[in-house]
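These notes are about the structure you will find just below.
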There are 2 protein chains.
Amino acid sequence: MSIDINDALKALDNPARLAILAKLKDPRKNYPEQEVDPEQVGVCVSIIQERAGLSQSTISLYLTALQRAKLVTSQRIGPWTYYKRDEANIAAFLKQLQDLI
Amino acid sequence: MSIDINDALKALDNPARLAILAKLKDPRKNYPEQEVDPEQVGVCVSIIQERAGLSQSTISLYLTALQRAKLVTSQRIGPWTYYKRDEANIAAFLKQLQDLI
DNA sequence: TTGCTATATTGGAATTTCTCGCTATATGGA
DNA sequence: TCCATATAGCGAGAAATTCCAATATAGCAA
């Protein structure tokens, strides 16, 4: 159930994906148009897409990559998919990286 | 004079390069055949190559990549080039990453 | 069912990375 | 000077990544 450090590094080796993860730290500030409480459920794909300025398919792909690396989780509510940070795994990754290098 | 976090992540997004940087943490243990004090001058390319099991040209490329990312430094002494970690920049990178994500 | 919206998936072109073998260069010794 | 060794740099082919448009799918409402 732990993080693969190489998967996480691969996911973060892309400025857009890195920025998405960073912005999700303070979703209320960075995605103010999100109406459902982002701290609770996350931020939906289309709002992330709008901010990132990339196509819908690319953002969907990037969010899937971040999820595969276990840095975010997603949940579907009705037609929307909400993504939010997996704080425990992000902290675990940072610790692993710190210990390794 | 600071580190570019995207350059560093790119350099580390490769298991071989990540392993090289990790092994350079304890060069006396991981590269015992190195005769000149590795803590002082670093480890020479051919010894790193032998351990990594990759071609000489690939290792030379990887070490250059790590150096471009400012995670290691090199110095030439006679015919040999010695690489060692840039501890200050590595720590700075970890801190930047920690603050960002 | 039909149609609309949100997201995921697929396919493809351009670019980058990976990794090698080969060659070039630099150093030091005979 | 000539040779041997250590490292860097130059193609090149295979694989991976980037990113889009187009298509598919899921959910909801009429």
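Small disclaimer: the values here were computed from a predicted structure and weren't measured. Residue numbering restarts at 1 for every chain, and letters A, B, ... go by the order of the sequence lines.
A distance-only check finds no donor-acceptor pair linking the side chain of A/Lys23 to the backbone of A/Tyr31 [under 3.5 Å]. Between the side chain of B/Arg17 and the main chain of B/Ile59, no donor-acceptor pair closer than 3.5 Å is present.
Within a 6.0 Å sphere centred on CD of B/Glu35, heavy atoms belonging to other residues, nucleotides or ligands number 12 at most. By the neighbour-count criterion of 12 heavy atoms within 6.0 Å, atom NZ of B/Lys25 is densely surrounded, having more than that number from other residues, nucleotides or ligands.
The distance from atom CG of A/Leu12 to atom CG of A/Leu97, rounded to the nearest 0.5 Å, is 9.5 Å. Rounding to the nearest 0.5 angstrom, the gap separating the CG atom in A/Leu94 from the CD1 atom in A/Ile5 is 9.0 Å. Atom-to-atom distance recorded for B/Leu71:CG and B/Ile20:CD1 is 12.0 Å, nearest 0.5 angstrom. Expressed to the nearest 0.5 Å, how far CG of B/Asp4 lies from CD of B/Gln96 amounts to 8.0 Å. If you take CH2 on B/Trp80 and CD1 on B/Ile47, they are separated by 10.0 Å, rounding to the nearest 0.5 Å.
Atom CG in A/Asp7 sits roughly 14 Å away from atom P in D/dA16 (whole-Å rounding). Remark: C1' of D/dA6 and CD of B/Glu35 are 15 Å apart, rounded to the nearest angstrom. For the pair A/Arg68 CZ and D/dA16 P, the interatomic distance rounds to 13 Å; values are reported in whole Å. One interatomic measurement links the two molecules: CD of A/Gln75 to P of C/dA6, which rounds to 18 Å at whole-angstrom precision. In this structure, B/Gln67 atom CD and D/dT7 atom P are separated by 13 Å, rounded to whole Å.
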- Task: Let me have a per-nucleotide readout for nucleotides 7-20 of chain C, 5' to 3', with B, S or -, counting only protein heavy atoms under 4.0 Å.
- Result: BBB-------SSBB

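For the segment residues 18-28 of chain A, the set of residues with a heavy atom within less than 4.0 Å of an atom of DNA chain D is empty.
Using a 4.5 Å heavy-atom threshold, the side chains of B/Gln34 and B/Tyr82 count as touching.
Taking the screw axis at each terminus of the helix from C/dT1-D/dA30 to C/dA30-D/dT1 from five consecutive base pairs, the angle between the two is 10° to within rounding of 10 degrees.
Checking A/Ser57 against A/Ser60 by side-chain atom types alone, no donor-acceptor pair falls below 3.5 Å.
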